[in-house]
Number of protein chains: 2
Amino acid sequence: MVVTPGNAAEPCRGCDARALSVCSVIEDKDLCRLASLTHVEAVEPGREFITEGDPADDFFNITAGTAKLFKMLADGRRQITGFAQIGHFLGLAARNRYSFSAEAVDRVRLCRFSRPRLRRLLDDYPAMERRLLDVASNELVAAQEQMLLLGRKTAVERVASFLLGQMAHGGLRGGSPRVIHLAMGREDIADYLGLTIETVSRSFTRLTGDGAIVRHEAANIEILSLDRLRSLAGEGG
Amino acid sequence: MVVTPGNAAEPCRGCDARALSVCSVIEDKDLCRLASLTHVEAVEPGREFITEGDPADDFFNITAGTAKLFKMLADGRRQITGFAQIGHFLGLAARNRYSFSAEAVDRVRLCRFSRPRLRRLLDDYPAMERRLLDVASNELVAAQEQMLLLGRKTAVERVASFLLGQMAHGGLRGGSPRVIHLAMGREDIADYLGLTIETVSRSFTRLTGDGAIVRHEAANIEILSLDRLRSLAGEGG
DNA sequence: CGTTATCTTGACGTACATCAAATGTCGTGG
DNA sequence: CCACGACATTTGATGTACGTCAAGATAACG
């Protein structure tokens, strides 16, 4: 599973995720050291690479693809707490066990850091610790937003908000600005929004009927009216 | 509103919250400097001291009482994202505007730090930044747990989980181990759990019927069977 | 003690879940 | 290229947990 990079000396220099991730604080001249600390891996779709409750020995940085982060109840009910994409840093646990599981949605590439190694890196680069605090703060803001969604929004509002969120992510990478490609299926969307697949599907249908979107192949959603979508999301009034 | 401490030189030394908060990383000899950076304030019940969208000029440290943190939708729907109690650090925003509001539940005492002053303090005490990262990580774990609750748990499971959480907090401070005093009313509990006050009330009634708890004055809940409460919370099977 | 706010209980409505079937999508092999 | 099967998504019919509306019960307060 471990993929040896083509150029063993400098896998980090050409990394697409670098500018988007905590690694951006490492200066060019020290990239070599950064590269020596990490293992690049590929994870096949459906494969779980973090398991809730396991010792949190490693940290991860997503460099390609999409992973889902989730928690489960004993009887199988699942809540996806977020999707991790390029540049996303994973594994902050505070305690020494993971508090969630992570599974690849499509083919994921990631860098794995061992906890003690990252600790040493943080000691040498205080700016990186600051950057991590920023990352954690942003995730906290996103988590609060999601609590509002899960606790108080209707099904249609949830799906509309989800699309707006996915658009924000897609916007970072190029691509046609009005068409969103969803890497995850309806079941993952449902488990992210606290709904069932049927209700998610019906909500897409209603958004279509309201003229906010058009579905192309279920995974490709075209935004017809951003204003209408915003209004249906319940945030912009 | 600003309360001048009795002993202006060292309000931090005798602070009840110090051991529980980020301030614990400051050595005794430097407490004087810490004290010079902060303003101690009292906030009356019902008073809002952070407003979502306002410039995030200050950080806060709760030293007594309970505050609720919340977000609202345009039409008045509200989601309480957490309750902040002694030792809780508030104001991490990443962007320069608050992403949530905060209001005192009962009488709150807090320390206010201006953003640039805290920044300088962090530069001098790298350990404090590390501590803040731990704090943020713990909050992230709690937020994920709450997402599971809001997205996938039933009303009774939510209320049982809430009581277990409040017990964990109450356990830190002395007091009778089996009786929980709830600082907040039913409306706040409902807005925290994504329910209505009626459903919260009915869930308390069901927990009572199941022999898990007894209500004394609506605000004082006695735990009769921790096992039964855990099982009803849906986590321990 | 009355007055008022908060909490509990009851009757009923509704948004979403569940169960079930139809339709669409995609990979595989004829 | 088309036929087939497996799986994902959509649509429909019905059930239910929780919300809404309304009335009592209880506690807080002057």
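Everything numeric in this text was worked out from a predicted model, so none of it was measured. Here is how names work: the chains are called A, B, and so on, in the same order as the sequence lines, proteins then strands, and each is numbered from 1.
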- Among D:dC18, D:dT10, C:dA17, which is the nearest nucleotide to the side chain of A:Leu195?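 Shortest atom-to-atom distance from the side chain points to C:dA17.
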Once you round it to whole Å, what is the distance between [atom2] of [N] and [atom1] of [X]?
{"X": "B:Leu193", "N": "D:dC18", "atom1": "CG", "atom2": "P", "value": "12 Å"}
{"X": "A:Arg77", "N": "C:dC16", "atom1": "CZ", "atom2": "C1'", "value": "16 Å"}
{"X": "A:Met184", "N": "D:dT9", "atom1": "CE", "atom2": "P", "value": "11 Å"}
{"X": "B:His216", "N": "D:dA28", "atom1": "NE2", "atom2": "C1'", "value": "19 Å"}
{"X": "B:Arg186", "N": "D:dT26", "atom1": "CZ", "atom2": "P", "value": "15 Å"}
{"X": "B:Leu207", "N": "C:dT9", "atom1": "CG", "atom2": "C1'", "value": "16 Å"}
{"X": "A:Glu217", "N": "D:dT10", "atom1": "CD", "atom2": "P", "value": "12 Å"}
{"X": "A:Leu182", "N": "D:dT9", "atom1": "CG", "atom2": "P", "value": "10 Å"}

Is the phosphate of [N] approached by [X] (side-chain N or O, under 4.0 Å from OP1 or OP2)?
{"X": "B:Arg202", "N": "C:dT8", "result": "no"}
{"X": "A:Thr196", "N": "C:dA17", "result": "yes"}
{"X": "B:Thr199", "N": "D:dG19", "result": "yes"}
{"X": "A:Thr205", "N": "D:dT11", "result": "yes"}

- Between the side-chain atoms of A:Arg215 and the base atoms of C:dG24, is any donor-acceptor pair under 3.5 Å?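 By the distance-only test, no, there is no pair.
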- If you draw the axis of the six-membered ring of A:Phe60, does the NZ or CZ of A:Arg112 fall within 45° of it and under 6.0 Å from the ring centre?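 Pair A:Arg112/A:Phe60 does not count as cation-pi.
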- Task: Would you indicate what B:Glu198 reaches in the nucleic acid, counting non-hydrogen atoms under 4.0 angstrom: base, sugar-phosphate, or nothing?
- Result: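 Counting heavy atoms under 4.0 Å across all strands, the contact made by B:Glu198 includes a base.
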- Task: Answer with base, sugar-phosphate or nothing: what part of the nucleic acid does A:Ile197 contact at a heavy-atom distance below 4.0 Å?
- Result: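 No contact at all - A:Ile197 keeps every heavy atom at 4.0 Å or more from the nucleic acid.
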- Counting only N and O atoms by type, is there a donor-acceptor contact under 3.5 Å from the side chain of B:Ser225 to the main-chain atoms of B:Arg228?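 Flag set: sc B:Ser225 to bb B:Arg228 pair under 3.5 Å.
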- Judged by atom type as modelled, is there a donor-acceptor pair below 3.5 Å linking the side chain of A:Ser137 to the main-chain atoms of B:Leu92?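 Side chain of A:Ser137 to backbone of B:Leu92: no pair is present.
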- Message: For A:Val200 and B:Ala218, find the nucleotide of DNA chain C closest to each by heavy atoms; which residue's nucleotide sits nearer the 5' end?
- Response: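 That would be B:Ala218.
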- Message: Please tell me whether A:Phe83 and A:Tyr192 form a close aromatic pair, meaning their ring centres lie under 6.0 Å apart.
- Response: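 For A:Phe83 and A:Tyr192, the ring centres are under 6.0 Å apart.
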- Message: Within a 6.0 Å radius of atom CZ on B:Arg78, are there more than 12 heavy atoms belonging to other residues, nucleotides or ligands?
- Response: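 Counting other residues, nucleotides and ligands, CZ of B:Arg78 exceeds 12 neighbours.
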